[in-house]
*Asks:* 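Before anything else, here's the structure in question.
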Amino acid sequence: MPVYADTIVNKNFREVITTEGLIGSDNWVPFKPSVSGIVTQVLVKAGQKVERDQVMLVLEHESQAAGLATAKAKAQEARLEASRYQFLADEGAAPREKAEEKKIDAISAQSAYVKAKVELSHHYIKAPFDGIVAADFVVNVGTYVEAGKMILGLLNNDELVVAMNVPAVQAKSIALGQAVRIYSEASDTAIAKGQVNYISPAFNNNAEGNDTWSPTNTLFVKASFPNVQAGLKPSQLLRSEIQIGSKNLPAIPTSAITMKAQQPFVFKLISVKKFLDSTQLDEKQSKPLKSLPANTLVAIESPVEIDELQDNQFSVLKGLIPGDKVAISQIKMLSSGMPVTILPNRPGK
């Protein structure tokens, strides 16, 4: 029987705690203007991506612009006056005290000019960081906004967090910096990876018993992760893993395993000589096998004890050691003692 085969090797299997993770964000800012005024321009809309320092709203600012122009002119005039008196003082045509007085006046005028620029800038409401304008943004031209009151929210999804509740019996295994993997519902391949960066100092104590997200006697744990490639959004519920350790064990692909009465079996491939030496066959049964070339392999159905499934491979606790060969195809058609030949090119290789 021609079959594809795999050679057993050791692999580092993650020791993990699996839990439901709620995606969230620590990069959400309720934006509040520092001045009051009437909106004259709306330059963004809900859901729009904005860059840091991009102008989102403009408030009425005619008086501030006029004040800035006046302050600028006064600052220029004061600088010229200070320069003129400095020249006169150097020539002995004016007292140095007067030159110092004019210099102080110029500094004061420059400060007033800078203050006027800042006051005007407050009427141009800019994004404090790269992000997305929240969906509840409802400000229009003509809206009067008050200083200190929220007018919009800004969210940055480039880095998100996943919140998890770990059962108390597993809490001692949790530590800062442990690797966290997040999975989609349809795949066993991690779509995002991060690290534990917060562990609650106390267990959840939901006395009412009506909070399904934070069940009683669980530990709240949070991990941050880069989200640029994953493209996840806050409030998603996804399967998450916290890696608490690792163990080096033989690995076997899922395609090698058959189940009989809840017991996993594999077809181990051994030499025909080893098979004849380990099996009591009569002359009639052994004769056709003895006539085979010495390098012929025979499939032997063997029980195994398996543990974790990771990346389509089970860790093996008993029944296989590194170097063993197992069939990974035709396993439904094989029977113990059947000679096989190994096909040279495995599928997907």
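Here, residue 1 is the first one in the sequence, and each next residue gets the next number.
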*Asks:* So does Glu60 get a backbone contact from the side chain of His123, meaning a donor-acceptor N/O pair under 3.5 Å?
*Replies:*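 Yes: the side chain of His123 pairs with the backbone of Glu60.
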*Asks:* Check whether any side-chain heavy atom of Ile331 sits under 4.5 Å from a side-chain heavy atom of Val266, and report yes or no.
*Replies:*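 When only atoms from C-beta onward are counted, Val266 and Ile331 do not touch, as no gap falls below 4.5 Å.
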*Asks:* Between atom OG of Ser329 and atom CG of Leu343, what is the distance when rounded to the nearest 0.5 Å?
*Replies:*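 If we round to the nearest 0.5 Å, Ser329:OG and Leu343:CG are 6.5 Å apart.
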*Asks:* Any donor and acceptor pair, going by atom type alone, linking the side chain of Asp158 with main-chain N or O of Val228 inside 3.5 Å?
*Replies:*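 Absent.
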*Asks:* Hey, does Ile321 have a side-chain heavy atom less than 4.5 Å from the side chain of Ile8?
*Replies:*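 No. Closest side-chain heavy atoms not under 4.5 Å.
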*Asks:* Could you tell me which non-hydrogen atom of Phe314 sits nearest to which non-hydrogen atom of Asp307, and how far apart they are?
*Replies:*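 Looks like CD2-O, 3.6 Å.
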*Asks:* Going by distance alone, is a donor N or O of one side chain under 3.5 Å from an acceptor N or O of the other, for Asn248 and Asn10?
*Replies:*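 Indeed, the side chains of Asn248 and Asn10 share at least one donor-acceptor pair under 3.5 Å.
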*Asks:* With a cut-off of 6.0 Å (strictly less than), are more than 12 heavy atoms of other residues, nucleotides or ligands near OH of Tyr198?
*Replies:*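 Yes, OH of Tyr198 has more than 12 neighbouring heavy atoms, counting only those of other groups under 6.0 Å.
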*Asks:* Looking only at the side chains, is there a donor atom on one of Lys11 and Gln313 sitting less than 3.5 Å from an acceptor on the other?
*Replies:*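 Lys11 vs Gln313: donor-acceptor pair found between side chains.
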*Asks:* Side chains of His61 and Glu119: does their closest heavy-atom pair fall under 4.5 Å?
*Replies:*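 Side chain of His61 against side chain of Glu119, heavy atoms only: no contact under 4.5 Å found.
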*Asks:* Look only at the side chain of Ser36 and the backbone of Ala147, and say whether a donor-acceptor pair between them is shorter than 3.5 Å.
*Replies:*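 Confirmed, Ser36 side chain pairs with Ala147 backbone.
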*Asks:* Rounded to the nearest 0.5 Å, what's the gap from CD on Glu241 to OG1 on Thr19? Could you check?
*Replies:*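 If we round to the nearest 0.5 Å, Glu241:CD and Thr19:OG1 are 11.0 Å apart.
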*Asks:* Look only at the side chain of Glu91 and the backbone of Leu88, and say whether a donor-acceptor pair between them is shorter than 3.5 Å.
*Replies:*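 Checked: no pair found.
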*Asks:* Is there a donor-acceptor pair closer than 3.5 Å between any side-chain N or O of Thr296 and the backbone N or O of Leu292?
*Replies:*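 No, Thr296 side chain to Leu292 backbone: no donor-acceptor pair under 3.5 Å.
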*Asks:* Treating Ile, Leu, Val, Met, Phe, Trp and Tyr as nodes and any side-chain heavy-atom pair under 4.5 angstrom as an edge, say whether Phe203 and Leu176 lie in one connected cluster.
*Replies:*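 Linked, Phe203 and Leu176 end up in one cluster.
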*Asks:* Do the non-hydrogen side-chain atoms of Leu154 and Ile132 ever get within less than 4.5 Å of each other?
*Replies:*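 Side-chain contact under 4.5 Å: no.
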*Asks:* So, do Val58 and Ile125 sit near enough that their side-chain heavy atoms are less than 4.5 Å apart?
*Replies:*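 Answer no - side chains too far apart.
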*Asks:* Does any part of the side chain of Ile300, heavy atoms only, come nearer than 4.5 Å to the side chain of Val298, both counted from C-beta?
*Replies:*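 Side chain of Val298 against side chain of Ile300, heavy atoms only: contact under 4.5 Å found.
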*Asks:* Side chains of Asn12 and Ser246 only: does a donor on one sit below 3.5 Å from an acceptor on the other?
*Replies:*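 There is no such pair between these side chains.
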*Asks:* Say you draw a straight line from OG1 of Thr7 to CG of Leu269; how long is it, rounded to the nearest 0.5 Å?
*Replies:*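 The CG atom of Leu269 is 9.0 Å from OG1 of Thr7, to the nearest 0.5 Å.
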*Asks:* Between Asp130 (side chain only) and Arg52 (backbone N and O only), is there a donor and an acceptor less than 3.5 Å apart?
*Replies:*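 Yes; judged by distance alone, with no hydrogens or angles, the pair exists.
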*Asks:* Under 3.5 Å, is there a donor on one side chain and an acceptor on the other for Lys268 and Ser302?
*Replies:*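 No, because no side-chain N or O of Lys268 sits under 3.5 Å from a partner of the opposite role on Ser302.
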*Asks:* Strictly below 4.0 Å, N to O, side chains only: are Arg84 and Glu81 in salt-bridge contact?
*Replies:*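 A salt bridge is present here (some side-chain N lies under 4.0 Å from a carboxylate O).
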*Asks:* Is there a chain of hydrophobic side chains (I, L, V, M, F, W, Y, each step under 4.5 Å between heavy atoms) that links Val55 to Leu120?
*Replies:*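 Val55 clusters together with Leu120.
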*Asks:* A side-chain contact here means heavy atoms from C-beta on lying under 4.5 Å apart; do Val35 and Leu59 qualify?
*Replies:*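 Side-chain contact under 4.5 Å: yes.
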*Asks:* Counting only heavy atoms not in Lys247 (residues, nucleotides, ligands), do more than 12 fall under 6.0 Å from its NZ?
*Replies:*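 Check passes, neighbour count above 12.
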*Asks:* Using the six-membered ring of Phe220, assess whether NZ or CZ of Lys222 lies under 6.0 Å from its centre and within 45 degrees of the ring axis.
*Replies:*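 No.
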*Asks:* Between Gln48 and Lys45, is there a donor-acceptor pair closer than 3.5 Å when you use the side chain of the first and the backbone of the second?
*Replies:*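 Pair found, side chain donor or acceptor close to backbone of Lys45.
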*Asks:* Checking Asn204 against Thr218: is there a side-chain donor and acceptor pair closer than 3.5 Å?
*Replies:*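 Short answer, yes.
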*Asks:* Quick one: do Leu160 and Ile242 end up in the same hydrophobic cluster if we chain Ile, Leu, Val, Met, Phe, Trp and Tyr together by side-chain heavy atoms under 4.5 Å apart?
*Replies:*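 Yes; Ile242 is reachable from Leu160 via cluster members.
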*Asks:* Can you hop from Ile244 to Phe13 via hydrophobic side chains spaced under 4.5 Å?
*Replies:*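 Not linked; separate clusters.
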*Asks:* Using modelled atom types only, decide if a donor and an acceptor are shared between the side chain of Ser336 and the backbone of Glu301 within a distance under 3.5 Å.
*Replies:*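 Checking the backbone N and O of Glu301 against the side chain of Ser336, a donor-acceptor pair under 3.5 Å is found.
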*Asks:* Think Lys102 forms a cation-pi with Tyr85, using NZ or CZ under 6.0 Å from the six-ring centre and within 45 degrees of its axis?
*Replies:*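 Judged by the rule, Lys102 and Tyr85 form a cation-pi pair.
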*Asks:* Treating Asp6 as the side-chain partner and Val326 as the backbone partner, does any N or O pair qualify as donor plus acceptor under 3.5 Å?
*Replies:*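 Checked: no pair found.
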*Asks:* Do other residues, nucleotides or ligands put more than 12 heavy atoms under 6.0 Å from the CD atom of Glu77?
*Replies:*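 No, because the 6.0 Å sphere around CD of Glu77 holds 12 heavy atoms or fewer from other groups.
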*Asks:* For atom CD of Gln263, decide whether the heavy atoms of other residues, nucleotides or ligands shown that lie under 6.0 angstrom number more than 12.
*Replies:*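 Result for CD/Gln263: enclosed.
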*Asks:* Determine whether Val169 and Asn217 make a side-chain contact, defined as any pair of heavy atoms from C-beta on separated by less than 4.5 Å.
*Replies:*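 Val169 does not reach Asn217 side chain to side chain.
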*Asks:* Would Arg239 and Tyr183 count as a cation-pi pair here, with the cationic atom under 6.0 angstrom from the ring centre and within 45° of the axis?
*Replies:*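 Yes, Arg239 and Tyr183 form such a contact.
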*Asks:* Without swapping roles, check the side chain of Ser315 against the backbone of Glu308 for a donor-acceptor pair under 3.5 Å.
*Replies:*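 Judged by distance alone, yes, a pair lies under 3.5 Å.
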*Asks:* Step through the shown structure and confirm whether more than 12 heavy atoms of other residues, nucleotides or ligands are within 6.0 Å of CE on Met259.
*Replies:*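 Enclosed: over 12 neighbouring heavy atoms sit under 6.0 Å from CE of Met259.
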*Asks:* Do you reckon Val42 sits in the same ILVMFWY cluster as Leu152, going by side-chain contacts under 4.5 Å, direct or chained?
*Replies:*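 In one cluster with Val42: Leu152, yes.
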